[in-house]
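Just below is one structure, and these are the notes that go with it.
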Amino acid sequence: MEIVKTITGKCRMCYACIRNCPVKAIKVVDGQARVVPELCIACGHCVQVCAQQAKVVEQEIKKVEQFLASSRTIACLAPSFVAEFHPAWPGQVVAALKQMGFAEVHEVAFGAHLVTLEYRRYLQEAGERQGLISTPCPAVVNLVSKYYPRLLPQLVPVVSPMIALGRYLKTKLGPDNRLVFIGPCVAKKGEAREEEVAGAIDAVLTFPELKEMLAARQIDVSACGNLDFDSEPAYLGRLYPIGGGLLRSAGIDADILANQVLVVEGREDCLEFLKAVNEGKMVPQMVDMLFCKGCINGPMQENKFSSFRRRKIVAEFTRQGLEQAKPKPINLEGINLRREFHDKTIFFPRPSEADIRGILAELGKLTPEDELNCGACGYPSCREKAVAVYHGLAENRMCLPYLIAQLEKSNLHLRQELKVFQGQFGQLVGNSAAMQEVYRLIEKVAKTDATVLIRGESGTGKELVARAIHYHSRRSEAPFISINCAALPETLLESELFGHARGAFTGAVTAKKGLFEEAHEGTIFLDEIGDISLGLQSKLLRVLQEGEFLRVGETRPTRVNVRVLAATNRDLEKAVREGSFRPELFYRLNVISIWLPPLRERRDDIPLLARHFLEKISRRLGKEVTGFTSEAMDALVRAEWPGNVRELENVIERAVILTEGKKIELGDLPRQFRNLSTGTSGWAYTRGMSFKEAVTAYETSLIVQALEESQWVQARAAEILGLKRSTLNEMIKRYNLRPANKKANTNK
């Protein structure tokens, strides 16, 4: 029975409802604070404090409209109505209700008078019994039933005024009459449906609901006539919405000096008192409790008068009633004004200390000093929030200091990253003609929202191009999200991209946002796009065309505004011909295509890249390595680099780690690089090689020097070396030697 609901999407994660909920009956799911009906006592405080009006009370207007249209319907007006509709006369409210279609209008204060009579009888039966708790308030009853079940025997087993009046009218007027309670209380909606008292009241309206119905009929209460109630005189029952009103009407003296009969009102005092009684620290003879400092301050009371003025209005209305009517006997034969109360507690296992410490550790709270207990999450202490997380009622990251710290780190990282990428083209390094063409394309496409397909071999820096496009676009301050599509199986990749609903598959214990949602207003980079399945390709195409997708396990689409950049090292045209890649997706991705050349086709950039990586890696490792020997650089320039720029970076990192000098030497490079330099000789050159490898390396070095000297004219080189041309040609093929300049003539 969900009396208070959250409007999904309106909750803004301020956690005011958690802070003000006396029993923390709020569960946070996906950042939305939702009421847990099994834990809620229906006090309505969360509705009052929600600045976004995300919390709403269940409405019964439609039900009451049906009653008015088809049945004889009676209005039961709570005693606090005089404070709500003041300065209108009480009789004008009665007239307005009858104009709406209610056959009769009764004061619930008369039900309070009946309860007073029943209290007197019960107290005579109880004799000198101690620790009795009297209350007409269903929120207090819910509080005891759900959180202090040991005190259930202390509750005076008498119904509330609403139920008393309902049972009285159903007996006197017939069960076919529909009774509608109207008041400021949220908890009354739940009380009317409780199995123990069900049937006495057929519907419950709050004052705002009544005003909505009046407005729909264009009925102005202040313009109505003045009619009398249909109920019998209420006497002191009209005092019930004021703290201590029940005791006053029952003739019980709340003597402060004796401290045996107490009046407790307000949520803080009620909680403190019940806790003390539950622990045996206080046992008064009797206590009268109201959760809202009197019903005149109920959560659905909209009149802006002060509590003191409301109290005065109710007291004056009571005084007038006493002057106009004298008490007379009431026949209560056949009317049961007693009830029972039942234990409604929900058992939650207590987490171990290790569980609590583990939850706190996720937020970096490793010592007691880290537990700030700031209350921003809504819980009074970090440990209490950790317990709520353990029970599934809270999300661990509902921690303001943690989120601020993470935000500061994120902002620092983004500023540093942005500073890097706000250079001409970020971490893209190179001055070759091929790279100049790449830069030109980046400048053009960055200013648009066009989809870009970045192509090239693995390790050429496709993600760096994507980042450069993003950080030079108008989306630069929004997220840049990157994912390698080849790294995950299809089912996990779909969940990562689009998210999933709770329970969508085994292990989906909570709902999860996908990367497309995380990248909203920003850019998502899909690396290795050519490796995704055909099924996932169709879902990706929907995002590109419609700007919407379905979370796994959901049927309602989610809309996003995301720029898509994709990359692949596959031949997508061939994949389209073979049927492994959807042509419509290819054409949608290939709006703009940027080709990144392999490193072997831009050897002029290798010295620049090598020095860039050397500086970056030396700084990170804390080593003072200032450059390369000519032999080492020559070998780097001549290498084939099948792994492209990524392989070059790894080779430089290895060399920085191994070198013992200020410069990277040839011997610091991997063994396969050492026979590539034309200017190397001696022991340093062959360090770490076997005899056979050293001879081979030396032979290669001599041949390369002769070929370079003769500009790769083999006949002239053979003459320099004193070899036959056929022998030299065979050795060139054996050692796979090729000139750095492909235009050199090798056939002469």
Side-chain angles (χ1 to χ4, degrees), residues 59-82 84-85 88-115 136 138 159-185 188-194 197-214 216-217 219 221 224-235 237-238 240-241 295 300 317 321 325 330-332 334-337:
Q59 288 207 340
E60 298 184 58
I61 292 177
K62 290 184 179 179
K63 182 193 290 188
V64 174
E65 293 286 10
Q66 291 174 356
F67 290 165
L68 292 171
S70 60
S71 309
R72 189 174 189 272
T73 307
I74 297 172
C76 303
L77 203 52
S80 54
F81 84 96
V82 289
E84 177 66 17
F85 289 93
W89 292 96
Q92 290 180 300
V93 179
V94 174
L97 289 170
K98 290 197 172 182
Q99 190 175 336
M100 287 177 63
F102 286 100
E104 296 183 12
V105 180
H106 288 255
E107 282 190 88
V108 177
F110 175 70
H113 177 62
L114 300 181
V115 168
V159 297
S160 70
M162 177 184 78
I163 302 301
L165 178 63
R167 287 180 176 178
Y168 180 83
L169 293 177
K170 291 274 186 175
T171 302
K172 297 297 182 181
L173 303 178
D176 293 336
N177 287 274
R178 295 294 189 178
L179 305 184
V180 178
F181 173 87
I182 303 170
C185 184
K188 288 293 184 185
K189 288 181 177 284
E191 181 191 11
R193 302 175 194 173
E194 288 183 14
V197 297
I201 295 293
D202 298 294
V204 173
L205 291 178
T206 60
F207 287 147
E209 288 176 274
L210 174 60
K211 291 176 182 178
E212 185 177 333
M213 294 179 70
L214 288 168
R217 291 169 169 80
I219 297 175
V221 174
C224 292
N226 197 356
L227 298 178
D228 293 331
F229 282 100
D230 296 291
S231 55
E232 299 180 48
Y235 308 113
R238 289 177 174 176
Y240 265 59
C295 301
M300 295 292 104
F317 184 50
I330 301 173
N331 182 13
L332 295 178
I335 302 173
N336 179 20
L337 299 180

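All residue numbers refer to positions in the sequence shown, counting from 1.
Rounded to the nearest 0.5 angstrom, H106 NE2 and I74 CD1 are separated by 5.0 Å. With rounding to the nearest 0.5 Å, the separation of OG1 in T206 from NZ in K188 is 14.0 Å. Remark: L97 CG to L227 CG distance equals 10.0 Å, nearest 0.5 Å. One finds the OG1 atom of T171 at 9.5 Å from the CG atom of N336 (value rounded to the nearest 0.5 Å). E194 contributes atom CD, which lies 8.0 Å from atom CD1 of I163 (distance to the nearest 0.5 angstrom). Taking CE from M162 and CG from L179, the interatomic distance works out to 10.5 Å, rounded to the nearest 0.5 Å.
Here the closest non-hydrogen pair linking M100 and L214 is SD-CD2, 3.3 Å. In terms of heavy-atom proximity, D228 sits nearest to V94 at O-CG1, 3.5 Å. The two atoms that bring I201 and C76 nearest to each other are CD1-SG, 4.5 Å, heavy atoms only. Pairing each heavy atom of C224 with each of Q99, the nearest pair is SG-OE1, 3.7 Å. Across every non-hydrogen atom of N226 and G91, the tightest pair is OD1-CA, 2.7 Å. Closest approach of A112 and Y240 over heavy atoms only: O-OH, 3.3 Å.
At a threshold of 4.5 Å between non-hydrogen side-chain atoms, the residues L169 and N177 do not count as touching. Taking 4.5 Å as the limit, every side-chain heavy atom of F317 sits out of range of all side-chain heavy atoms of P79. Considering only heavy atoms from C-beta on, E84 comes within 4.5 Å of K211 through its side chain. Here the side chains of F102 and L77 are not in contact, with every heavy-atom distance at 4.5 Å or above. Looking at R167 and L114, their side chains never come closer than 4.5 Å, going by heavy atoms from C-beta outward. Two residues are said to be in side-chain contact when any heavy atoms from C-beta on lie closer than 4.5 Å; F181 and L205 fail this criterion.
Residue pairs meeting the salt bridge (Lys or Arg N to Asp or Glu O under 4.0 Å) criterion with at least one partner in residues 197-210, sequence neighbours excluded, are K170-D202, R178-D202, K189-E209. For residues 95-113, the pairs satisfying salt bridge (Lys or Arg N to Asp or Glu O under 4.0 Å) are R72-E104, K98-D230, E107-R238, with sequence neighbours left out.
Residues meeting the ring-ring contact (aromatic ring centres under 6.0 Å, His included) test with F67, sequence neighbours left out: none.
Ring planes of F229 and F81: perpendicular class, angle over 60° (limits at 30 and 60°).
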For side chain to side chain contact (heavy atoms under 4.5 Å, CB included), just list the numbers for Y168 and L332, CA-CA rounded to whole Å, side-chain angles, deciding distance to a tenth of an Å, and then say yes or no.
CA-CA 8 Å; Y168 180 83; L332 295 178; 4.1 Å; yes
Full working for side chain to side chain contact (heavy atoms under 4.5 Å, CB included) between E212 and Q59: CA-CA 11 Å; E212 185 177 333; Q59 288 207 340; 3.3 Å; yes
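Between E65 and K62 there is no salt bridge, since none of the side-chain N atoms of the basic residue sits less than 4.0 Å from a carboxylate O of the acidic one. Electrostatic pairing of K172 and E232 does not count as a salt bridge here, judged by no charged N lying under 4.0 Å from a carboxylate O.
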